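Quick caveat: nothing in here was measured; it's all calculated off a predicted structure. These numbers come from the heavy atoms of this one structure, side chains and all, not from hydrogens, waters or symmetry mates.
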2 protein chains.
Amino acid sequence: MGDRVGDMEDYCMVEAAMEVVGGKWKLAILRHLFDGTCRFGELNRAMPAITPRMLTRQLRELEADGLVRRVVYPEVPPKVEYSLTYLGESLRPIALRLEEWGHWYRERRGLGGEPVTPRS
Amino acid sequence: MGDRVGDMEDYCMVEAAMEVVGGKWKLAILRHLFDGTCRFGELNRAMPAITPRMLTRQLRELEADGLVRRVVYPEVPPKVEYSLTYLGESLRPIALRLEEWGHWYRERRGLGGEPVTPRS
DNA sequence: CGGTATCCCCGGCGATACTG
DNA sequence: CAGTATCGCCGGGGATACCG
């Protein structure tokens, strides 16, 4: 061992990051949480294209990966607040730069794709 | 501009970026091309886990998205060189920061996952 | 309000064999 | 050397209905 171990360590890290952040809605969710704590419904209203099911799933994964904190208020009607952990916050600069890049990229490429999948 | 009109434009851009760069091997490939032009076989040897088929597919997508340049030398035996376009180069700082982040993340989280799916 | 349950589709991804 | 061809899995993601 040791001959070419360094190779995979390197690119593996970027893939490790992608596993955490590569879900279809993950970065979109984080992006909203950058602006502050959100309730479930707020997030869902802010991203109408995502179904509650998927929003839940992605939030739970983000929580399991330690990027998002979920706080349940035991009251009625139910209230749940999502916020970023320190780990989640640490992604802010990168996400923002990626966002910039995406913007710049689409300008250069002439807005190739649809912004949001249109529903029938 | 209005308070939050830009919302979906914004996060859409990060998703746009993910569409281009979100493939399982995309960033890994780019990461290798950051170090300079590569031939097909070099890339494949550098990433033994990826099959030729997938390597081809992801390279073609990167090419279609304008991140990678493919140069064919009409000689025998065949020789094809892959390099980054200006667009591809522009991802370097972001990819590097994501890599840093991935490294840091895994240290904090105690190396949760396997680096590469081990073949038996 | 903040989710689950259920069902299903599609395409990303993989393995193996073959070719100009 | 640099790919195709073929086949198939599997799970991420979606639609809709329902629940505490």
Side-chain angles (χ1 to χ4, degrees), chain A residues 11-12 15 18-29 32-33 37-65 68-83 113-120, chain B residues 11-12 15 18-29 32-33 37-65 68-83 113-120:
Chain A
Y11 78 73
C12 181
E15 291 186 31
M18 290 301 289
E19 279 174 27
V20 165
V21 111
K24 182 169 180 183
W25 304 97
K26 296 269 178 74
L27 281 175
I29 293 171
H32 278 280
L33 293 180
T37 297
C38 274
R39 298 182 58 176
F40 186 88
E42 287 182 272
L43 285 171
N44 210 164
R45 252 170 280 117
M47 301 179 286
I50 189 175
T51 61
R53 168 197 163 87
M54 279 316 294
L55 183 53
T56 301
R57 287 178 58 154
Q58 307 262 337
L59 279 169
R60 292 293 151 85
E61 290 177 19
L62 289 170
E63 189 191 5
D65 289 330
V68 160
R69 177 168 32 238
R70 178 170 179 266
V71 179
V72 182
Y73 296 86
E75 51 185 62
V76 43
K79 176 178 172 182
V80 179
E81 281 187 347
Y82 294 94
S83 56
E114 283 301 304
V116 167
T117 326
R119 310 227 158 294
S120 53
Chain B
Y11 78 73
C12 182
E15 291 186 30
M18 289 302 288
E19 280 174 27
V20 166
V21 111
K24 181 169 182 183
W25 304 98
K26 297 271 179 74
L27 281 176
I29 294 171
H32 279 281
L33 293 180
T37 298
C38 274
R39 299 183 57 175
F40 186 88
E42 287 183 273
L43 285 171
N44 209 165
R45 252 169 281 117
M47 300 179 286
I50 189 174
T51 61
R53 168 197 163 87
M54 279 316 294
L55 183 53
T56 301
R57 287 179 60 152
Q58 308 261 330
L59 279 168
R60 293 293 150 86
E61 290 177 20
L62 288 170
E63 190 191 2
D65 288 331
V68 160
R69 178 169 28 241
R70 179 171 179 264
V71 179
V72 183
Y73 296 86
E75 52 186 62
V76 43
K79 176 178 172 184
V80 179
E81 281 187 347
Y82 294 93
S83 56
E114 282 302 302
V116 165
T117 327
R119 313 225 159 296
S120 54

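Taking 4.5 Å as the limit, some side-chain heavy atom of Ile29(B) sits within range of a side-chain heavy atom of Met47(B). Two residues are said to be in side-chain contact when any heavy atoms from C-beta on lie closer than 4.5 Å; Glu15(A) and Leu27(B) fail this criterion. Looking at heavy atoms from C-beta onward, Leu43(A) lies in side-chain contact with Leu59(A) at the 4.5 angstrom threshold. Residues Glu81(A) and Glu42(A) form no side-chain contact, since every pair of their non-hydrogen atoms from C-beta on lies 4.5 Å or further apart. Proximity of Leu33(B) to Leu62(B): side-chain heavy atoms (C-beta onward) are nowhere separated by under 4.5 Å. Side chains of Arg60(B) and Arg70(B) form a contact here, defined as non-hydrogen atoms less than 4.5 Å apart.
Between Val72(A) and Gly22(B), the residue anchored closer to the 5' end of DNA chain C is Val72(A), taking for each the nucleotide with the nearest heavy atom. In terms of position along DNA chain D, the nucleotide closest to Val80(B) lies nearer the 5' end than the nucleotide closest to the other residue of the pair Arg57(A) and Val80(B).
Each end of the helix from dC1(C)-dG20(D) to dG20(C)-dC1(D) gets its own axis from five base pairs, and the two axes differ in direction by 60°, given to 10 degrees.
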Dump every N/O contact between nucleotides 5-9 of chain C and the protein below 3.5 Å, one line per pair.
residue: dT6(C); atom: O4; partner: Arg53(A); partner atom: NH1; Å: 2.4

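Atom CD of Gln58(B) and atom P of dG3(D) are 14 Å apart (whole Å). Atom CG in Asn44(A) sits about 13 Å away from atom P in dT4(C), given to the nearest Å. Protein atom CD of Glu63(B) is 14 Å distant from nucleotide atom C1' of dG3(D), rounded to whole Å. Between the CD atom of Glu75(A) and the C1' atom of dG20(D) there is a distance of 15 Å, rounded to whole Å. In this structure, the CG atom of Leu43(A) is 14 Å from the P atom of dC1(C), given to the nearest Å. The NZ-C1' distance, from Lys24(B) to dC10(D), rounds to 12 Å in whole Å. Rounded to whole Å, atom P of dG13(D) lies 11 Å from atom CD1 of Ile29(A). Between the CE atom of Met54(B) and the P atom of dC7(D) there is a distance of 19 Å, rounded to whole Å.
When distances are taken from the side chain of Arg39(B) to each of dG2(C), dC1(D), dG3(D), the shortest belongs to dC1(D).
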Exercise for the section: Kindly indicate, with the supporting measurements, whether the criterion side chain to side chain contact (heavy atoms under 4.5 Å, CB included) is fulfilled by Glu19(B) and Glu61(B). Expected result: CA-CA 10 Å; Glu19(B) 280 174 27; Glu61(B) 290 177 20; over 6 Å; no
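Look at Tyr82(A) and you'll find a side-chain N or O under 4.0 angstrom from OP1 or OP2 of dG3(C). Remark: Arg60(B) is in phosphate contact with dT4(D), judged by side-chain N or O atoms under 4.0 Å from OP1 or OP2.
In terms of heavy-atom proximity, His32(A) sits nearest to Ala46(A) at CE1-CB, 3.5 Å.
Listed by chain and residue number, Phe40(B), Asn44(B) satisfy the side chain to side chain contact (heavy atoms under 4.5 Å, CB included) test with Pro52(B) (two or more places apart in sequence, or in another chain).
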